[in-house]
Protein chains: 4
Amino acid sequence: MARIVKAPEERRAEIVDTADRLFRQHGYAKCSVEMIIREIGVAKGTFYYYFKSKPDILEAVVDKTLGQVVEMAQSVADAPALSAMQKMEALLGGSHIGNDDSLDVAEMLHLPENRELHELTNIQTVLQLSPILAQIVEQGVGEGVFDVEKPLETIQFLFTGAQFLTDGGMFGFSDAELRARRLVTQTIIEKALGAKPESFSFMNPVRAVK
Amino acid sequence: MARIVKAPEERRAEIVDTADRLFRQHGYAKCSVEMIIREIGVAKGTFYYYFKSKPDILEAVVDKTLGQVVEMAQSVADAPALSAMQKMEALLGGSHIGNDDSLDVAEMLHLPENRELHELTNIQTVLQLSPILAQIVEQGVGEGVFDVEKPLETIQFLFTGAQFLTDGGMFGFSDAELRARRLVTQTIIEKALGAKPESFSFMNPVRAVK
Amino acid sequence: MARIVKAPEERRAEIVDTADRLFRQHGYAKCSVEMIIREIGVAKGTFYYYFKSKPDILEAVVDKTLGQVVEMAQSVADAPALSAMQKMEALLGGSHIGNDDSLDVAEMLHLPENRELHELTNIQTVLQLSPILAQIVEQGVGEGVFDVEKPLETIQFLFTGAQFLTDGGMFGFSDAELRARRLVTQTIIEKALGAKPESFSFMNPVRAVK
Amino acid sequence: MARIVKAPEERRAEIVDTADRLFRQHGYAKCSVEMIIREIGVAKGTFYYYFKSKPDILEAVVDKTLGQVVEMAQSVADAPALSAMQKMEALLGGSHIGNDDSLDVAEMLHLPENRELHELTNIQTVLQLSPILAQIVEQGVGEGVFDVEKPLETIQFLFTGAQFLTDGGMFGFSDAELRARRLVTQTIIEKALGAKPESFSFMNPVRAVK
DNA sequence: GATGAATGAGAATTCATTCAT
DNA sequence: TATGAATGAATTCTCATTCAT
C-alpha cells in the first residue's frame with residue numbers, strides 16, 4: 001500500500017481517535033488491533049510504533065476523553081457571571097450548543113458493549129467531574145437554591161445512578177422506560193440537592209420534534 | 001489422573017461454585033475453562049459434559065446468585081407481620097445474621113475485575129430486586145412512612161447508584177471514603193423516598209467491632 | 001434411566017440398524033457415538049460392550065448391507081426359470097416389489113453426505129455385485145440377447161458410471177437432469193452390452209404418477 | 001523459530017501446494033492444519049494469515065487443480081487445426097509429454113484416501129470438463145467419426161465411469177486389473193460414441209517400459 | 001517513520017474411549 | 001449386561017506482538 005507519511009502528532013491522534021470510536025462501537029475487548037489499523041489504512045507496525053501495547057492505547061483514549069470533558073466542565077464551573085443553576089443547566093441540559101463530537105457530559109459514555117472503557121472512563125469521569133459539580137453545588141448553597149450537607153458525595157451518588165441507570169444499553173430499557181427513569185432522576189436530584197421541584201426540568205426538555 | 005466419580009448434582013455444583021469464585025476473582029474473560037478445571041482437578045471433558053459452552057456456565061453462575069438473592073428478598077417482602085421499615089431494614093441493614101456466603105443483598109456483587117458478571121448479575125439484580133423493593137415502598141406509602149410518586153423508577157435509581165458507587169473495587173475508594181458515601185446514600189434514599197431523616201440509619205450501623 | 005435388558009443379538013442388531021440409518025443420514029464422520037446411543041436410548045458403555053470402536057460398527061453396517069444386497073442379487077441370478085433380460089429387469093428395474101427398506105440394488109447407496117460409507121459400501125457393492133451381473137450377462141450372451149467380450153469389466157464400468165453419476169447428491173443434478181442422465185445410461189448400457197435398443201427401457205419407466 | 005519472509009504469492013502457493021499434497025496423501029479430514037504448517041515450517045498464524053479457515057484452503061486447492069485442467073482442456077478443444085479424434089487423443093492419450101505434476105486429465109484425481117477432495121475436485125472436474133469434451137464430440141459428429149445423440153450426458157457418464165472405476169485406490173485393483181478395466185473403458189467409449197472400434201486405442205498404448 | 005509478513009502462546013470445543021458402579 | 005460420569009488428546013482458530021525490509 002502507498003506509504004503515507006504524516007506528522008507524528010497527527011498520526012498518533014488519528015490512531016487514538018479511531019480507536020476511541022471503535023472501542024465505543026464494539027467494546028475494547030472485541031476490538032482487535034487489526035480492526036483499528038484496517039480502519040485507518042496503516043500497517044500493524046505503525047500502530048506499534050506509536051503505542052507499545054493494546055492497553056497502552058486504551059489509556060490514551062481514556063486520557064483524551066477525560067481531558068476534554070473535565071476541561072469543559074471546569075470552564076463552566078469557573079465562569080464568574082453564571083449562577084449555580086445556570087451552570088448546572090449548561091452542563092446537564094440537553095441543549096448542548098455546538099458540540100459535534102463527544103463533549104457532552106450528559107450523553108457521554110452511555111454506550112453498550114463496553115467494559116474497560118466504562119471501567120476506566122466512566123468511573124474516572126464520575127471521580128473527576130464530581131468535584132467540579134460539587135463546587136457548583138456549593139455555589140448554589142451559597143445562593144440559597146440548594147440545600148445539601150455533603151455536596152461531593154451526594155453528587156457522586158447522583159452522578160453514578162444517572163450514569164449507569166440510563167446508560168443506553170446496560171439495562172436494556174426501551175425509550176419509554178428510559179424517559180420515565182430520566183424524569184425520576186430529575187426528581188431525585190432535586191430532592192437530594194434540596195432544590196425547588198422542577199428546577200432541573202431542563203434535564204427533560206419537552207421536545208417538539210423527534 | 002485418578003478418576004473420581006461424584007453425584008452429578010454435586011459435581012455440577014462444584015463446577016458452578018468454582019467458576020463463580022474464579023469469575024469474581026479474575027473476571028469472566030480472563031478465566032479460561034482450563035483454569036476452572038485445573039482448580040477442581042477434573043478433565044476438560046468433564047466441564048463440557050456439564051456445560052455446553054463457556055457462556056453457558058456464566059449463565060449458571062448468574063442464575064444461582066440471582067436465585068438466592070431474589071428468593072430471600074421476596075420472602076421478606078411477603079412477610080405479613082412486618083412493617084415496610086422493618087422489611088427495609090431486613091433487606092438493607094448491615095446486620096445480616098448467619099449469611100456466610102453471598103446471600104447479602106447489600107454486600108453482594110461489589111467486586112472488582114468484573115465485566116460480564118457485573119453486567120449480567122448486577123444489572124439483573126437491580127431489575128429483579130427493584131419490583132420487590134418497590135412493593136415494600138408502596139406498603140410504606142400506605143403506612144404513611146414514605147412519600148413517593150414513582151416507587152419503581154425511584155428504587156431503580158437509588159439501587160443503581162448504591163450498587164455501583166459503593167461497589168468495592170470499581171471506584172477504588174478507601175474504607176473511609178466508602179463510609180462517607182454510604183452515609184450520603186442513606187440521606188439521599190430518605191429524601192427520595194420522602195422518609196423521615198435517619199429512618200434508614202440501620203444502613204450505617206455504628207459498629208463497635210470490625 | 002431404566003435399565004432395559006435385551007437379548008444380545010437383538011441389542012446388537014438394534015445398534016447396527018440405528019447406526020446404518022444415521023450414517024446414511026448424516027455421514028459416518030458427522031455421526032458421533034453419542035448420536036447413536038441417544039437415538040436408541042442406551043448408555044455409552046452399552047455401545048462399547050458390543051463394538052470395540054467406531055470403525056468397528058462401520059464395518060458391521062457395511063457387512064449387513066452388503067450381505068442383504070448380494071444375497072438378493074445372487075438369488076435372482078440363480079433363478080433357473082428366468083431369462084437374462086428378465087433377471088436384468090428384476091435387478092435394475094424401478095418396480096421393486098415389497099422392498100420397504102434398503103434392498104434395492106438400483107437405488108441404494110445414492111445418498112449425499114457420505115464418505116466412508118460410500119467408499120466401503122458403494123465400492124464393495126460394485127465389486128461384489130458385478131460378478132453376479134456378469135454371470136447374467138454371460139447367460140444373455142448364450143441366449144443371443146447380448147454381445148460382449150468382457151462381461152465382468154464391462155459391468156463394472158457401467159455399474160460404476162451409473163452408481164456415481166446418478167448418485168442423488170454427489171453431482172447436484174436437478175430432477176430433470178437426473179432423468180436425462182438415466183436415459184443416456186440406459187442407451188450406453190445397451191450399446192456396451194450389445195443389446196437391442198430400448199431393451200433396457202424398464203430402467204426408465206414412463207411414470208404416470210408422481 | 002527463525003523468521004523467513006517470503007513474497008506473499010510464493011508463500012501462499014507454498015501452502016496450497018503442500019496442502020494439496022498432504023490432502024491427497026492422507027485425505028482432507030485426516031490432515032490437521034498443524035500437519036501442514038509443520039511440513040512447511042511456518043507458524044500457525046502464518047497459515048491463518050493466508051487462509052481464513054480449513055475449508056478455505058480446500059477450496060484453494062480445488063481451484064488450483066481445476067483451473068489447470070480446465071484451461072488445458074479448453075485450449076485443446078479450441079485448437080482450430082485439429083480433428084476431433086486428434087483432440088481426443090491429446091486429452092485422453094496416455095502419452096502426455098512434459099507433465100510432471102498434476103496436469104494430466106487422465107491420471108489426475110486417481111488417489112486413495114480422499115473424501116472432500118474427491119467430492120469437490122473429481123466431481124467438479126467431470127462437470128467442468130464434460131462440456132469441453134462434448135464440444136469435441138459434436139465436432140466429431142460433424143466430421144462423421146462419432147454418432148451420438150446426447151453428447152454431454154454421454155460424456156458425463158463415460159467420464160464418471162472412467163474416473164471412479166480406474167481411480168487408483170478406490171477399488172483396490174491390481175495393475176493387471178486396472179489395465180483390463182482401461183481396455184474395456186476404451187471399448188465402451190467407442191460403442192457409446194458410435195466411433196470405430198480401436199479408434200480410441202491411444203488410450204491404451206502398448207507400452208514397452210513402465 | 002512505515003510496512004506487512006510472520007510468530008506462537010493460548011483459547012474454546014469435540015469426541016472416541018474408559019471404567020467405577 | 002448395562003450405566004453414564006469422567007477422561008484427555010487433538011483440533012480449529014485468534015490475536016497481540018515482533019521484526020526483516
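This one's a predicted model, so the numbers in the text were calculated from it and none came from an experiment. The chains referred to below are lettered A, B, ... by the order of the sequence lines, with proteins before strands, and numbering in each begins at 1.
- Between the CD atom of C/Glu10 and the CD1 atom of C/Ile15 there is a distance of 11.0 Å, given to the nearest 0.5 Å.
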Apply the test side chain to side chain contact (heavy atoms under 4.5 Å, CB included) to residues A/Tyr50 and A/Asp56: give CA-CA distance (whole Å), side-chain angles for both, the deciding distance (0.1 Å), then the verdict. CA-CA 10 Å; A/Tyr50 287 97; A/Asp56 207 52; over 6 Å; no
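- If you take OH of C/Tyr49 and C1' of E/dT21, they are 16 Å apart, rounded to a whole angstrom.
- Considering only side-chain N and O atoms, B/Arg11 lies under 4.0 angstrom from the phosphate OP1 or OP2 of F/dA6.
- Considering only side-chain N and O atoms, D/Tyr50 lies under 4.0 angstrom from the phosphate OP1 or OP2 of E/dA6.
- Between C/Glu10 atom CD and F/dT1 atom C1' the separation is 14 Å, expressed in whole Å.
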Dot-bracket assigned to DNA chain E with the 3.5 Å Watson-Crick/G-U criterion, [ ] for crossing and | for other-strand pairs, is .||||||||||||||||||||
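- Residue-environment remark: CD (B/Glu71) stays at or below the threshold of 12 foreign heavy atoms within 6.0 Å.
- Between B/Ala7 and C/Pro8, it is C/Pro8 whose nearest contact on DNA chain F lies nearer the 5' terminus.
- No option in B/Val61, B/Asp63, B/Ile57 other than B/Asp63 meets the side chain to side chain contact (heavy atoms under 4.5 Å, CB included) test with B/Glu59.
- We find that C/Arg11 and C/Glu14 are joined by a salt bridge, their nearest charged nitrogen and carboxylate oxygen being less than 4.0 Å apart.
- Distance, B/Ile57 CD1 to E/dT13 C1': 15 Å, rounded to whole Å.
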* Go through D/Leu22 and D/Gln25 one step at a time and tell me if the side chain to side chain contact (heavy atoms under 4.5 Å, CB included) criterion holds. => CA-CA 5 Å; D/Leu22 292 177; D/Gln25 253 173 55; 4.1 Å; yes
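- In this structure, of E/dA2, F/dA2, F/dT7, it is F/dA2 that holds the atom nearest to the side chain of C/Val5.
- Atom CD1 of residue B/Ile40 and atom CE of residue B/Met35 lie 11.5 Å apart, to the nearest 0.5 angstrom.
- Following rounding to the nearest Å, D/Lys6 (NZ) and E/dT7 (C1') show an atom-to-atom distance of 16 Å.
- Atom SG in C/Cys31 sits 9.0 Å away from atom CD in C/Glu39 (nearest 0.5 Å).
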Distances under 3.5 Å between protein N/O atoms and the N/O atoms of nucleotides 14-18 of chain F, please, pair by pair.
{"unit_1": "F/dA16", "atom_1": "OP1", "unit_2": "A/Lys54", "atom_2": "NZ", "d": "3.2"}
{"unit_1": "F/dA16", "atom_1": "OP2", "unit_2": "A/Val33", "atom_2": "N", "d": "2.8"}
{"unit_1": "F/dT17", "atom_1": "OP2", "unit_2": "A/Tyr48", "atom_2": "OH", "d": "3.0"}
{"unit_1": "F/dT17", "atom_1": "OP2", "unit_2": "A/Lys54", "atom_2": "N", "d": "3.0"}
{"unit_1": "F/dT17", "atom_1": "O4", "unit_2": "A/Lys44", "atom_2": "NZ", "d": "3.0"}
{"unit_1": "F/dT18", "atom_1": "O2", "unit_2": "D/Arg3", "atom_2": "NH1", "d": "2.7"}
{"unit_1": "F/dT18", "atom_1": "O2", "unit_2": "D/Arg3", "atom_2": "NH2", "d": "2.6"}

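- Distance, A/Arg12 CZ to E/dA2 C1': 17 Å, rounded to whole Å.
- Per the geometry, CE belonging to B/Met35 stands 13 Å off C1' belonging to E/dG10, to the nearest Å.
- Between the CD1 atom of B/Ile36 and the C1' atom of E/dA12 there is a distance of 11 Å, given to the nearest Å.
- Annotation: cation-pi pair B/Lys54/B/Tyr28 present, NZ/CZ under 6.0 Å from the ring centroid and within 45° of its normal.
- Atom pair C/Glu14:CD and F/dA2:C1' shows a separation of 13 Å (rounding to whole Å applied).
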